[in-house]
Amino acid sequence: MRQQASAPAPTAMASRTAQARRVAAGWPSMAELPAHRTLLPWLERHPDFDAEFEADLADLFMLIDSVVAASDGAGSGSAGPE
């Protein structure tokens, strides 16, 4: 009976560098990914969480307003409470 190859131990996998894992998986090197180099300044920026929260809150209010407007125009056939 043949034995199946076992997966490497987690500690062995964790000790490899990202580049070594990339090569082992057959992925291209970072030198072959010009789009990543181009996007790097945007990918490394830290988000302004206050601005993100404000934008999400504005989107939520816009969604609520559109649902209210749609239910007001639905007439007597609406499924909501009257």
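FYI, the numbering just counts along the sequence from 1.
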### Message
Would you compute the distance between atom CZ of Phe61 and atom CD1 of Ile64 and round it to the nearest 0.5 angstrom?
### Response
6.5 Å
## Note on the structure
Output for pair (Leu60 CG, Asp65 CG), nearest 0.5 Å, gives 9.5 Å
### Task
State which residues pass side-chain contact (heavy atoms from CB on, under 4.5 Å) with Leu43; sequence neighbours excluded, sorted by chain then number.
Leu39
#### Entry: For Asp50, all residues meeting side-chain contact (heavy atoms from CB on, under 4.5 Å), sequence neighbours excluded
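side-chain contact (heavy atoms from CB on, under 4.5 Å) list for Asp50, sorted by chain: Asp48.
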